[in-house]
Amino acid sequence: MQLISREEIKTLIEQPKGNCVSIYMPTHPAGAEVRQDPIRFKNLVKEAETRLIDAGLEQKEAIALLEKSHEIDTQEFWEQMGEQGLAIFISENIFRYYTLPIDFQELVVVTDRFHIKPLLPILNGNGRFYMLALSQKDVRFFEGTRYSFNQIEVENIPKSLDEALLEDEIQKGVQHRIGTSKRGAANASMHPGTFHGQGSPDRDKRQEDILQFCYAIDEALHEKLREQKAPLVFAGVEYLFPIYQEANTYQYLMDEAITGNPEILSAQELHNEAWAIVEADFQKSQQGVLEQFHELFGGDSGKASNNLQEIVSAAYYQRVDSLLVAVGQQKWGLFDPTSETVYLHPEKETGDEDLLDFVAAHTLLNGGTVYAVPPEQIPYSTPVAAIYRY
């Protein structure tokens, strides 16, 4: 499976304007229906051709733009699908496809940017998280969701305790940080007896080295996780976790850790244990947004709304902090930033885009949190609900 990340989705949203084709279809990894998938795929590509012609392209131009789709329409591709959904993005300069563990509804959208809302459950509802698997001999960093778990390289991160101690510059920088880090001092007071029952003044050389090692790791992760909000799960033997907590500066390190030697756990075992920790946190986070919406909605602050026309403008101008948006629904229309006017249409008209997708994309681009959820989970039976920054 090709994992799609938040960064890739942002790239799709930000790519240059033009005729952008987004195709979503459910697929069948096994059974008799597998033979129907290529036929349905060809029908969706044909529908995209019709939409491109409606948007003003000549037929030969539309066929040429969609030519790239034939690259994947092979017997081998369909036989090896292995996932529930296929998402394809085609423009003049981009051709990308993802086989993903989401049962998409069939959808073809042709507008001046890619349609990304069906992808969002992978990032939020199904929980994006990080995991640091740490031992004195090995350091690994992972990004995961409910369905996926991939090891990621981190620039300048030490691979082992011995490697960290060989780096003189790291040692000097860490020694300075140990002396000056307010967070380290605060955390030290929070974790008395961190080192096998010894107080801070009595740390032996090896324990001090481990703390320096953890500072070096945190330094590298600080660059990697800058401006991120996904939870970070620690995996390591029990005595290492409070040491790492002392060095840690990432705000979203989970209080619960996977204890034991991560070197003897497979990636699948690490994934299963990490997901068990973060799933409850994600559900709690979404419930918190719902509760906050109910507290603010209808009050004098004006910081919550379920009016799509208001939310479109707010999302465009970076005001939306948290957004609940219905998956599997579309609201067609246009937004004119010059007049700040939103036009809603009962049926899709030429040039329209899905305004639910518009608000989700702009919230995501502007650092907000998007929860793409079933329609029944949104208050008051509306397709969208937002909490504003101001």
Side-chain angles (χ1 to χ4, degrees), residues 9 12-25 43-59 61-62 65-66 87-91 104-121 297 304-320 323-366 368 370-386 388:
I9 291 179
L12 290 171
I13 297 169
E14 292 170 331
Q15 77 97 43
K17 301 281 186 182
N19 289 298
C20 298
V21 179
S22 307
I23 299 175
Y24 293 91
M25 67 172 280
N43 291 338
L44 292 171
V45 172
K46 191 67 179 175
E47 182 180 341
E49 179 186 323
T50 302
R51 298 276 179 89
L52 286 166
I53 293 169
D54 289 344
L57 265 65
E58 297 289 333
Q59 184 175 22
E61 295 174 324
L65 182 65
L66 296 169
I88 302 168
F89 304 97
I90 307 173
S91 67
F104 297 126
Q105 294 182 4
E106 281 194 5
L107 183 65
V108 177
V109 179
V110 176
T111 62
D112 63 356
R113 65 173 182 80
F114 290 122
H115 183 88
I116 54 89
K117 182 157 58 68
L119 300 174
L120 295 181
F297 186 71
S305 175
N306 62 358
N307 182 308
L308 177 57
Q309 289 176 282
E310 290 178 10
I311 295 170
V312 166
S313 180
Y316 183 81
Y317 290 109
Q318 306 183 22
R319 287 181 55 208
V320 177
L323 185 78
L324 294 162
V325 64
V327 291
Q329 291 191 2
Q330 292 82 41
K331 293 293 181 183
W332 301 106
L334 293 168
F335 174 58
D336 179 5
T338 56
S339 64
E340 296 188 26
T341 304
V342 178
Y343 301 93
L344 273 171
H345 301 140
E347 300 291 334
K348 186 179 189 301
E349 299 180 11
T350 300
D352 277 1
E353 64 178 314
D354 174 16
L355 293 176
L356 298 180
D357 189 76
F358 179 94
V359 297
H362 281 275
T363 300
L364 192 70
L365 281 175
N366 296 325
V370 180
Y371 296 90
V373 298
E376 61 271 14
Q377 292 186 21
I378 300 179
Y380 307 115
S381 302
T382 60
V384 67
Y388 297 149

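Rounded to the nearest 0.5 Å, atoms CH2 (Trp332) and CD (Glu353) are 9.0 Å apart. Atom CG of Leu334 and atom OG1 of Thr111 lie 10.5 Å apart (nearest 0.5 Å). Put simply, CD1 on Ile116 and CD1 on Ile13 are 4.0 Å apart, with the number rounded to the nearest 0.5 Å. We find the CD-CG distance between Gln15 and Asp112 to be 9.5 Å, quoted to the nearest 0.5 Å. Between the CD1 atom in Ile88 and the CG atom in Leu44 there is a gap of 8.0 Å [rounded to 0.5 Å]. One finds the CD atom of Gln318 at 10.5 Å from the OG1 atom of Thr363 (value rounded to the nearest 0.5 Å).
In this structure, Ser313 contributes its side chain and Gln309 its backbone to no donor-acceptor pair below 3.5 Å. A donor-acceptor pair is defined here as one N or O able to donate and one able to accept, closer than 3.5 Å; such a pair exists between the side chain of Asn366 and the backbone of Ala315. Checked by atom type and distance alone, the side chain of Asp357 pairs as donor or acceptor with a backbone atom of Lys117 at under 3.5 Å. Of the possible donor and acceptor atoms, none in the side chain of Tyr343 sits under 3.5 Å from a partner among the backbone N and O of Asp336.
Summarising the geometry of Gln59 relative to Lys46, their closest heavy-atom pair is NE2-NZ, 4.4 Å, with the distance given to 0.1 Å. Nearest heavy-atom pair, Ala385 versus Ile378, reported as atom, atom and distance to 0.1 Å: CB-CG2, 4.1 Å. Across all non-hydrogen atoms, the minimal contact from Ser305 to Glu310 is OG-OE1, 3.0 Å. The nearest pair of heavy atoms linking Ile90 to Leu65 is CG2-O, 3.3 Å. The two residues Arg319 and Tyr388 have their closest heavy-atom pair at NH2-CD1, 3.1 Å. Between His345 and Gly333, the closest heavy-atom pair is ND1-CA, 4.0 Å.
Annotation: side chain of Arg51 is not in contact with side chain of Val21 (no heavy-atom distance under 4.5 Å). Side-chain atoms of Pro379 and Phe297, non-hydrogen and from C-beta on, never get closer than 4.5 Å to each other. Contact check for Leu119 versus Phe104: side-chain heavy atoms found under the 4.5 Å cut-off. In this structure, the side chains of Phe335 and His362 stay at 4.5 Å or more apart for every pair of heavy atoms. Annotation: side chain of Asp354 is not in contact with side chain of Val109 (no heavy-atom distance under 4.5 Å). Taking 4.5 Å as the limit, every side-chain heavy atom of Asn19 sits out of range of all side-chain heavy atoms of Glu61. Residues Val320 and Val359 are not in side-chain contact: their nearest non-hydrogen atoms beyond the backbone lie 4.5 Å or more apart. Side chains of Leu66 and Leu52 form a contact here, defined as non-hydrogen atoms less than 4.5 Å apart.
Shown here is Glu14, whose CD atom has more than 12 heavy atoms of other residues, nucleotides or ligands within 6.0 Å. Counting non-hydrogen atoms of other residues, nucleotides and ligands closer than 6.0 Å to CD of Glu376 gives a total above 12.
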Would Val325 and Val370 count as a side chain to side chain contact (heavy atoms under 4.5 Å, CB included) here? Give the steps. CA-CA 7 Å; Val325 64; Val370 180; 3.9 Å; yes
Tyr371/Gln377 under side chain to side chain contact (heavy atoms under 4.5 Å, CB included): CA gap, chis, key distance, verdict: CA-CA 10 Å; Tyr371 296 90; Gln377 292 186 21; over 6 Å; no
Just do the side chain to side chain contact (heavy atoms under 4.5 Å, CB included) check on Leu107 and Gln330 with the steps written out, would you? CA-CA 10 Å; Leu107 183 65; Gln330 292 82 41; 3.9 Å; yes
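Using the six-membered ring where Trp is involved, Tyr316 and Phe358 have ring planes that are parallel, under 30° apart on the 30 and 60° scheme.
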